[in-house]
Structure formats: structure tokens, C-alpha cells
Amino acid sequence: MTSIGIIGTGFGGIGTAAELVTHGYDDVRLWERADTVGGVWRDNTYPGAACDVPGPLYSFSFAPNADWSRRYPVQAEILAYLGRVADQYGVTPRTRFGARVASARWDQDAWHVGFDDGTTETVDVLISAVGQLSEPSSPDVEGWESFAGSVLHAGSWDDSVDLSGRRVAVVGTGASAVQIVPRLAEVARELVVLQRSANHILPKPDGAYPGWYRDRAQRERRPIDWVTQQFSRGLDPDSTVATVIERLASAHLRLRVRDEELRRHLTPRHQVGCKRILFSNDYYPTLTRDHVRLVPHALAEVRADAIRTADGQWHEVDAICFATGFDTQDFLHGIEVTGPGGDLHEAWSAGARAHLGIHVPGFPNLFLAYGPNTNLGGGSIITMLEAQARHIRATLDRMDHHGARRVQARAEAEQRWDDRVQHDLAHSAWASCTSWYHHPETGRITSNWPGGTHTYEAAVADVHDEEFLWT
């Protein structure tokens with residue numbers, strides 16, 4: 001019997017485990033560093049945390065959810081849904097909680113997995129489902145250690161900190177910031193928002209589902225999927241869709257922000273799609289409130305009771321909230337992975353890469369969920385994760401068919417795949433500016449897939465024997 005270890009219990013880990021278990025793989029174990037399942041939806045509890053993909057498309061196709069209370073579900077609902085699916089498919093009892101993986105070493109046809117408590121486990125197959133958005137990132141600025149107030153991060157929010165009546169700075173204006181800022185503005189005495197660059201923001205067609213409609217909402221899945229496929233085409237700078245998105249974002253800004261100077265600061269200077277397109281109905285109106293100030297400059301320095309922005313101005317604050325995202329380039333952060341191909345992080349020193357976003361040559365029986373170049377600019381990542389889970393299971397089926405104990409991608413197959421992906425990315429909007437999608441030193445786009453979910457599903461639907469080494 002093949003033993004399989006999965007690191008992480010977010011959507012990727014739960015979906016892959018469910019796929020394997022329902023197809024007869026009984027020895028499936030999951031390792032989770034926290035004490036419950038949920039991944040980013042367990043960790044991101046900041047005020048206003050919600051999905052920016054409609055709920056009917058943000059659930060597993062094999063476990064549709066009839067309980068979303070609104071079109072764009074909030075964090076608590078998504079976490080509850082994941083818990084139910086984990087219980088239903090037997091993932092929860094297979095999980096070892098409080099198990100932080102520190103290392104994985106391939107030896108004698110098996111992966112020897114070490115944990116930070118000194119214990120080890122051995123499995124035939126190792127699957128990383130730690131994802132791309134698990135390690136919070138914040139800027140390293142002068143004087144940081146001197147700040148006397150509260151410090152929070154969207155990715156590791158401390159609910160015990162009360163910000164009522166305090167002077168608060170929010171650093172960042174990305175996807176989490178447009179959700180946090182309106183909520184903090186309701187309680188803070190003063191709110192200063194630090195912006196390095198403006199984003200394209202579209203109105204969010206959100207709303208509560210009437211009770212009688214909830215079990216019918218899943219009918220929206222197909223039309224929403226069709227819209228998101230068109231949205232992905234907007235990442236082609238020459239497309240009609242890109243023009244439509246640009247005009248809609250511009251109109252949204254004009255309608256919501258009447259002050260010309262503020263509107264000028266909020267006008268993006270980059271091509272639409274180059275950075276993540278955001279959705280919000282209340283972010284722009286919040287920035288027009290009397291006690292809220294937008295500062296269009298980066299954080300430069302911190303002292304005990306104030307922060308300095310790049311324009312030289314000091315701003316007195318009692319708390320700093322980082323909405324600065326995650327370390328997206330250090331895949332498998334904090335885990336030392338060693339195989340016949342050497343140290344995985346050294347192999348990825350110029351930017352992570354993997355055949356189909358799943359297989360790394362030189363690392364047999366290692367699979368990645370939400371690996372390099374599988375993030376999206378439009379659509380649901382759940383669709384991508386399900387496609388990867390099916391492919392991983394099908395690969396293991398083929399390994400059994402061949403009577404093999406090891407499988408890994410051929411280097412030439414991975415190179416062909418990478419050439420194709422990077423060629424398409426070079427002609428996308430993502431190539432036109434700097435963003436978290438790029439490796440900071442080489443500029444390589446390591447995060448995103450240059451297309452819609454349907455094209456990726458087709459690409460990984462079959463396991464082509466000639467692309468792999470079976471031994």
C-alpha cells in the first residue's frame with residue numbers, strides 16, 4: 001500500500017486528500033502546523049475578511065455548498081465549510097495537528113519527513129499543499145524595534161487588540177487592505193492609509209442571499225465561471241476585455257471619489273491586470289471620510305509614537321496594521337527539502353518552477369498543490385486545485401500500472417512546459433510592471449498561470465507517460 005503524506009490542510013490539502021481517499025488510497029496522512037484545518041481562511045481573521053470570488057465558484061465541485069449567506073462569503077463561513085468537507089471526507093481524523101514540518105529528505109525510495117519537535121515520519125509519496133499565501137510579509141524599515149504601540153498583520157491578526165478610538169496606520173492598499181480599511185474606519189479616531197501604488201478597483205456585485213434562494217445559488221456557478229474566463233482574457237493588454245475593465249474601474253473611481261486630488265492619487269499608473277484587480281464598494285467612500293487620510297507614499301521609518309513616509313512627513317499613530325501580503329516567492333518556506341536533485345531551494349534560486357506546476361525534476365514522488373505558475377488573475381483557485389488533485393491521483397494510478405516505485409518529471413519535459421508558460425507570460429499584462437508575482441532578483445514570473453482555468457484543466461487532464469521517468 002502506497003503511503004502518502006500531505007503538508008497543509010487548506011483547500012489544496014483537503015481537496016487532494018479527498019480525491020485520493022475516494023479513489024482507494026487509504027494510507028493518507030496530513031500534517032498541519034495549527035490546531036485546526038483551514039489554511040489561509042483559518043489564519044486570516046482580520047476585520048472584513050471575505051472572498052473576492054463568488055461563493056458558488058468558491059467551493060469544491062464535488063461538495064457544493066448550499067449554505068452561503070451572500071454571494072461573496074465571509075471568512076467564518078468559508079472556514080466552517082472547509083471544516084465540514086474535511087469531516088465528511090475523513091480528512092480531519094487523518095490529520096496530525098500541531099505538526100510543523102521542518103525537513104523532507106529522499107532516501108531509500110521514501111521521503112523521511114522531520115518535524116520541529118524532533119519526530120519523524122516516512123512516506124512513499126510527499127505532497128506539498130502549503131500554497132503560495134501562507135507566510136505573512138512586512139517591510140523591513142529603520143527604527144522598527146522602537147515602536148511602542150500595537151502592531152498587527154492581516155495574515156496573523158490579533159483579535160484581542162482593541163483599536164477603538166486610536167490613531168491607526170494601515171500599510172498597504174491591496175486585496176486585504178480594501179477590506180480592512182472600511183472596518184477600521186468605523187472604530188479608529190484617525191486612520192492613515194499608506195499607498196505605494198494605486199490599484200484598479202471594480203465594484204463588487206455582492207449581496208445577501210434570501211433564505212429561499214440559498215439552495216438555488218449554486219445555479220450561478222456556470223454563468224460566474226463563464227464571466228471569470230472572459231475576465232482572464234483581460235490580462236491580454238490588447239484585448240477588448242482589458243479596455244472594458246479599464247473603463248469600468250475608471251468610472252467606479254470617478255463616481256465614488258469627487259475630490260480631484262484624491263482621485264489623482266488613486267488613479268493607477270500601470271496597465272490594467274498587471275497587479276491584482278480588486279473589488280470593493282466601500283473602500284473609495286471610506287477614503288473620503290474626514291478622519292481618514294490617504295498618504296501616497298511608502299513607509300520609511302518608525303519611532304516610538306509615529307511613522308515617517310517616503311515624502312519625509314511624520315504621522316503620529318498608536319497602532320500599525322500591515323496589509324502587505326505574503327512572501328510569495330519562497331515556496332515551501334521554512335522546509336528543507338533534499339532529493340537526488342540536491343537542495344530544492346537552491347534549485348529554485350532563480351525562481352520556482354515545476355512541470356505542470358506540480359512536478360520537479362530530480363525530486364521523485366514529490367507533488368505540489370498550488371505550485372509555481374498556478375495562481376490566477378481571474379477565476380477560482382479551487383478549480384485549479386481540483387485539477388491538480390486529479391492529476392496527482394492519476395499519476396499515482398499510472399505508477400501502480402507501471403509497477404514503479406518512483407516517478408518524476410523528465411527535465412526536458414519540464415523545460416518545454418516552462419518555455420511555453422514563460423513565453424505566454426511575457427506577452428501578458430503581468431510583464432509590464434513589478435509585482436509580487438515576480439521573483440525579486442531575476443524578475444521571473446513564478447506565481448501566475450497565463451490563462452483561464454479551463455486551459456489549465458485541459459493541460460493537466462492526462463498523464464503523458466513520455467514526460468516522466470518511471471522506475
Side-chain angles (χ1 to χ4, degrees), residues 8 10-13 15-16 39-41 43-44 51-53 57-58 127-137 154-155 174-176 199-200 225 228-229 231-236 272-279 324-333 348 351-360 367-389 391-392 417-418 420-440 442-460:
F11 267 105
T16 303
V40 296
W41 293 109
D43 298 338
N44 285 255
C51 194
D52 57 7
V53 174
L57 198 59
Y58 205 77
I127 301 172
S128 169
V130 300
Q132 299 185 26
L133 306 175
S134 59
E135 295 297 327
S137 174
S176 57
N199 295 286
H200 292 89
D225 180 54
T228 62
Q229 299 305 314
F231 196 85
S232 295
R233 295 178 185 175
L235 300 174
D236 175 355
V272 66
C274 175
K275 298 188 178 183
R276 184 172 175 178
I277 298 171
L278 309 179
F279 298 85
T324 47
F326 299 86
D327 183 353
T328 61
Q329 296 302 311
D330 191 2
F331 289 74
L332 282 87
H333 175 84
W348 282 349
R353 52 190 289 171
H355 183 50
L356 308 178
I358 301 171
H359 311 267
V360 184
F367 301 89
L368 309 176
Y370 200 7
N373 295 118
T374 63
N375 188 54
L376 291 169
S380 174
I381 194 62
I382 313 306
T383 305
M384 302 287 280
L385 294 172
E386 283 194 56
Q388 291 161 13
H391 178 87
I392 291 170
W417 169 264
D418 188 69
R420 167 193 162 188
V421 170
Q422 294 301 320
H423 173 271
D424 291 348
L425 287 170
H427 294 82
S428 72
W430 294 317
S432 64
C433 74
T434 301
S435 70
W436 61 263
Y437 306 136
H438 295 250
H439 187 277
T442 65
R444 175 186 173 84
I445 301 175
T446 61
S447 298
N448 289 1
W449 166 247
T453 58
H454 292 179
T455 56
Y456 183 79
E457 286 181 292
V460 301

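Listed for the Asn373 side chain is a donor-acceptor partner under 3.5 Å among the backbone atoms of Asn448. For the pair Gln388 (side chain) and Tyr370 (backbone), a donor-acceptor distance under 3.5 Å is present.
Shown here are the ring-ring contact (aromatic ring centres under 6.0 Å, His included) partners of His391, two or more places apart in sequence or in another chain: His359. Evaluation of the side chain to side chain contact (heavy atoms under 4.5 Å, CB included) rule for Thr455 yields Trp449 as partners, not counting sequence neighbours. Asp225 is linked by a salt bridge (Lys or Arg N to Asp or Glu O under 4.0 Å) to nothing, counting only residues two or more places apart in sequence or in another chain.
Aromatic pair Tyr58/Phe11: centroids less than 6.0 angstrom apart.
Residues Thr446 and Gly351 come closest through the heavy atom pair CG2-CA, 3.8 Å. Taking both residues in full, the closest heavy atoms of Gly451 and Leu376 are given as O-CD2, 4.1 Å, listed atom of the first, atom of the second, then distance. Considering all non-hydrogen atoms of both residues, Ile277 and Val272 come closest at CD1-CG2, 4.0 Å. Of all non-hydrogen atoms in Val360 and Ala354, the two that sit nearest each other are CG2-CB, 4.0 Å. The two residues Leu356 and Tyr456 make their nearest non-hydrogen contact at O-OH, 2.6 Å. The two atoms that bring Gly379 and Thr228 nearest to each other are CA-CB, 3.5 Å, heavy atoms only.
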For this session: Show your reasoning for whether side chain to side chain contact (heavy atoms under 4.5 Å, CB included) applies to Trp348 and Leu332.
Result: CA-CA 11 Å; Trp348 282 349; Leu332 282 87; 4.0 Å; yes
For this session: Quick one: do Arg353 and Arg444 satisfy side chain to side chain contact (heavy atoms under 4.5 Å, CB included)? Show the steps, please.
Result: CA-CA 10 Å; Arg353 52 190 289 171; Arg444 175 186 173 84; 3.3 Å; yes
For this session: Would you check, one step at a time, whether the test side chain to side chain contact (heavy atoms under 4.5 Å, CB included) holds for His333 with Val130?
Result: CA-CA 9 Å; His333 175 84; Val130 300; over 6 Å; no
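From Ile381, atom CD1 reaches atom CD of Glu386 across 11.5 Å, with rounding to the nearest 0.5 Å. Note: Thr16 OG1 to Ile127 CD1 = 6.0 Å, rounded to the nearest 0.5 Å.
A 4.5 Å side-chain heavy-atom check between His454 and Glu457 finds at least one atom pair inside the cut-off.
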